[in-house]
Student: 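Could you have a look at this structure, given as structure tokens, before my questions?
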Number of protein chains: 2
Amino acid sequence: MSILFSRQCEYAIQGVLYLALKPEGEMTSIKELTKRLDIPYHFLGKILQRLAGTGLLTSLKGPTGGFALGRKAKDITLFDVVNAIDGSDFTRNCVMGFPECSGKNPCSVHDTWGRMRDEIYDMLIRKNIAEMAKDMKKTEYRSARS
Amino acid sequence: MSILFSRQCEYAIQGVLYLALKPEGEMTSIKELTKRLDIPYHFLGKILQRLAGTGLLTSLKGPTGGFALGRKAKDITLFDVVNAIDGSDFTRNCVMGFPECSGKNPCSVHDTWGRMRDEIYDMLIRKNIAEMAKDMKKTEYRSARS
DNA sequence: TGGGTTTCGGACTGTGATGTCTTAAATATC
DNA sequence: GATATTTAAGACATCACAGTCCGAAACCCA
Ligand code: FES
Ligand code: FES
């Protein structure tokens with residue numbers, strides 16, 4: 001687990017980026033996803049379920065079923081995924097854990113951390129997941145296209 | 001809790017910065033610390049105990065006892081505190097949670113995240129806690145000097 | 001229609017972080 | 001030496017997160 005996101009969130013990102021490499025509308029099963037990515041089967045099921053609940057993904061039961069993006073990959077950013085799972089509190093919280101984070105009552109690194117928060121946010125929205133997936137050099141994503 | 005550090009770590013930072021405002025060698029009790037900072041009494045005790053175990057703090061029992069910095073405030077950085085509690089894995093881990101983080105097998109944001117990790121590390125070591133504490137504008141730290 | 005496949009939903013367990021409580025040990029003061 | 005005060009240490013409780021399991025529902029295909 002990185003310091004930024006929960007496990008769930010990391011798995012969600014990994015899964016969504018995998019789906020982004022698939023032809024539009026094609027369904028991908030949890031089985032295929034767990035075969036490529038190192039994620040517990042049932043746990044991933046729950047996570048994708050949750051994402052489907054928010055509309056970020058669509059799902060279909062049955063033999064040809066699975067999951068697919070709920071809208072075009074060009075219209076989804078990593079922030080959408082992170083926000084759906086972990087929320088966006090990190091854009092507002094003090095890095096030292098003080099109850100208030102504002103310029104009126106700042107901690108020692110308020111300004112510095114403020115800039116970094118912005119950079120992290122920017123990292124999450126600068127590119128859509130279509131570009132992101134294309135930039136992914138991880139071997140796990142080789143020939144995801146079927 | 002911020003996205004970077006555990007609660008324990010946040011409390012440790014808050015406590016150590018408070019101690020950094022005290023005259024060198026003066027002992028500060030958990031009671032005084034919890035009166036200023038919003039941290040559970042016994043939990044803070046455990047944390048300071050742990051920091052004392054690493055030598056970052058010294059402690060003394062008895063009526064005039066308490067905690068104090070183990071070395072000069074000028075020779076301690078926030079990274080020392082973070083490293084003692086949360087460790088330094090964040091300098092090595094993939095932000096998307098992939099098992100490997102290297103340029104040979106990079107994820108979509110490997111380079112970007114690499115720069116940010118460096119910036120975070122830099123934020124933690126750029127200033128010593130003497131300067132940090134002085135820069136702290138939080139009301140909790142007003143007139144910490146006794 | 002029936003059987004196999006897949007997601008759905010909920011209950012359940014495991015684990016680590018957080019927080020509480022109690023007793024003991026050390027220290028200062030009287 | 002007696003007492004009060006403070007940290008030390010460990011057991012315990014609580015909670016959130018991670019992960020598992022199972023039956024039901026939806027779906028496809030023969
Ligand atoms: S007050 Fe600490 S980051 Fe804003
Ligand atoms: S591989 Fe993802 S940050 Fe390095």
Side-chain angles (χ1 to χ4, degrees), chain A residues 1-15 19 22 25-35 37-70 82 84-87 89 97 99, chain B residues 1-15 19 22 25-35 37-70 82 84-87 89 97 99:
Chain A
M1 191 165 73
S2 90
I3 51 172
L4 291 192
F5 309 128
S6 68
R7 273 258 143 74
Q8 261 194 79
C9 192
E10 292 176 348
Y11 292 160
I13 291 174
Q14 296 179 18
L19 294 180
K22 291 284 182 177
E26 178 177 324
M27 290 293 173
T28 306
S29 68
I30 304 177
K31 197 189 296 179
E32 177 181 342
L33 283 162
T34 54
K35 199 183 302 173
L37 313 169
D38 190 31
I39 305 176
Y41 184 90
H42 292 94
F43 195 27
L44 179 58
K46 289 250 166 287
I47 296 169
L48 298 182
Q49 225 174 94
R50 195 172 162 190
L51 291 176
T54 72
L56 206 65
L57 300 182
T58 60
S59 65
L60 193 67
K61 297 177 183 176
T64 64
F67 292 88
L69 298 180
V82 171
I85 302 293
D86 278 357
D89 282 352
Chain B
M1 192 164 73
S2 92
I3 50 173
L4 291 191
F5 308 128
S6 67
R7 274 256 141 76
Q8 258 195 83
C9 191
E10 292 176 349
Y11 292 161
I13 292 173
Q14 296 179 19
L19 294 180
K22 291 286 184 176
E26 179 177 324
M27 291 291 173
T28 306
S29 68
I30 305 176
K31 197 189 294 179
E32 177 180 341
L33 283 162
T34 54
K35 200 182 299 174
L37 313 169
D38 192 28
I39 305 176
Y41 184 90
H42 292 93
F43 195 27
L44 179 58
K46 290 243 167 292
I47 297 170
L48 298 183
Q49 225 173 97
R50 193 173 163 190
L51 291 176
T54 72
L56 206 65
L57 299 183
T58 59
S59 65
L60 191 68
K61 297 178 183 176
T64 63
F67 292 89
L69 299 180
V82 170
I85 302 293
D86 279 356
D89 283 352

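Chain naming here is simple, since letters A, B, ... match the order of the sequence lines and numbering starts at 1 in each.
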Student: To the nearest Å, give me how far apart CG (B/D86) and C1' (C/dT18) are.
Tutor: 13 Å

Student: Might you point out which heavy atoms bring A/I85 and A/S6 nearest each other, and give the distance in Å?
Tutor: CG2-OG, 4.2 Å

Student: What are the two closest non-hydrogen atoms of A/D86 and A/F5, and how far apart are they?
Tutor: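 In this case the closest contact between A/D86 and A/F5 is OD2-CA, 3.4 Å.
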
Student: Could you tell me the separation between the CZ atom of A/F67 and the P atom of C/dT5, rounded to a whole number of Å?
Tutor: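 So the two atoms are 18 Å apart, to the nearest Å.
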
Student: Below the 4.0 Å mark, does D/dA8 have OP1 or OP2 next to a side-chain nitrogen or oxygen of B/S59?
Tutor: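 Result: yes.
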
Student: State whether A/Y11 places a side-chain N or O below 4.0 Å from either non-bridging phosphate oxygen (OP1 or OP2) of D/dG19.
Tutor: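 The answer is yes; a side-chain N or O of A/Y11 sits under 4.0 Å from OP1 or OP2.
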
Student: Let's see if you can work this out: which of D/dA8, C/dT18, D/dA18 has an atom nearest to the side-chain heavy atoms of A/S6?
Tutor: D/dA18

Student: Write down the distance between CZ (A/R7) and C1' (C/dG16), rounded to a whole number of angstrom.
Tutor: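 It works out to 12 Å between those atoms.
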
Student: Could you state the NZ-P distance from B/K31 to D/dT5, rounded to the nearest angstrom?
Tutor: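 Going from B/K31 (NZ) to D/dT5 (P), I get 7 Å.
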
Student: Whole angstrom is fine here: how far is it from NE2 in B/H42 over to C1' in D/dC12?
Tutor: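 Interatomic distance, NE2 of B/H42 to C1' of D/dC12: 13 Å.
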
Student: Is the phosphate of C/dG19, meaning OP1 or OP2, less than 4.0 Å from a side-chain N or O of B/Y41?
Tutor: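 No, outside the criterion.
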
Student: How far does CG of B/D89 sit from OG of A/S2, to the nearest 0.5 angstrom?
Tutor: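 The OG atom of A/S2 is 11.0 Å from CG of B/D89, to the nearest 0.5 Å.
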
Student: What is the nucleic acid contact for B/L60, judged by heavy atoms within less than 4.0 Å: base, sugar-phosphate only, or nothing?
Tutor: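 The answer is sugar-phosphate, as B/L60 gets under 4.0 Å only of primed atoms, P, OP1 or OP2.
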
Student: Which value, rounded to the nearest 0.5 Å, describes the distance between B/I39 atom CD1 and B/Q8 atom CD?
Tutor: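 Between B/I39 CD1 and B/Q8 CD, I get 11.0 Å after rounding to 0.5 Å.
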
Student: Over how many whole Å does the gap from B/D38 atom CG to C/dG19 atom C1' extend?
Tutor: 13 Å

Student: Of A/G65 and B/K61, whose nearest nucleotide on DNA chain D comes first from the 5' end?
Tutor: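 Its nearest nucleotide being more 5', the pick is B/K61.
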
Student: So which nucleotide from D/dT5, C/dG9, C/dT7 ends up closest to the side chain of A/Q49?
Tutor: C/dG9

Student: For A/L44 and C/dT6, give me the distance from atom CG to atom P, rounded to whole Å.
Tutor: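 A/L44 atom CG is separated from C/dT6 atom P by 14 Å.
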
Student: Ignoring the backbone of A/F43, work out which of D/dT20, C/dA28, C/dT18 is nearest its side chain.
Tutor: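 Between D/dT20, C/dA28, C/dT18, the one nearest the side chain of A/F43 would be D/dT20.
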
Student: DNA chain C: A/K46 or A/I30, which has the more 5' nearest nucleotide?
Tutor: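 This one resolves to A/I30.
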
Student: Relative to the 5' end of DNA chain D, which residue comes earlier, A/P63 or A/P40, by the nucleotide with the nearest heavy atom?
Tutor: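 Whichever sits nearer the 5' end wins; that is A/P40.
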
Student: Which nucleotide in the list D/dA8, D/dG19, D/dA18 gets nearest to the side chain of A/Q8?
Tutor: D/dA18

Student: Write down the atom of B/L19, the atom of B/F67, and the distance for their closest heavy-atom approach.
Tutor: CD2-O, 3.7 Å

Student: Mind calculating the distance between CG (B/L48) and P (D/dT7) to the nearest angstrom?
Tutor: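 These atoms are roughly 8 Å apart.
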
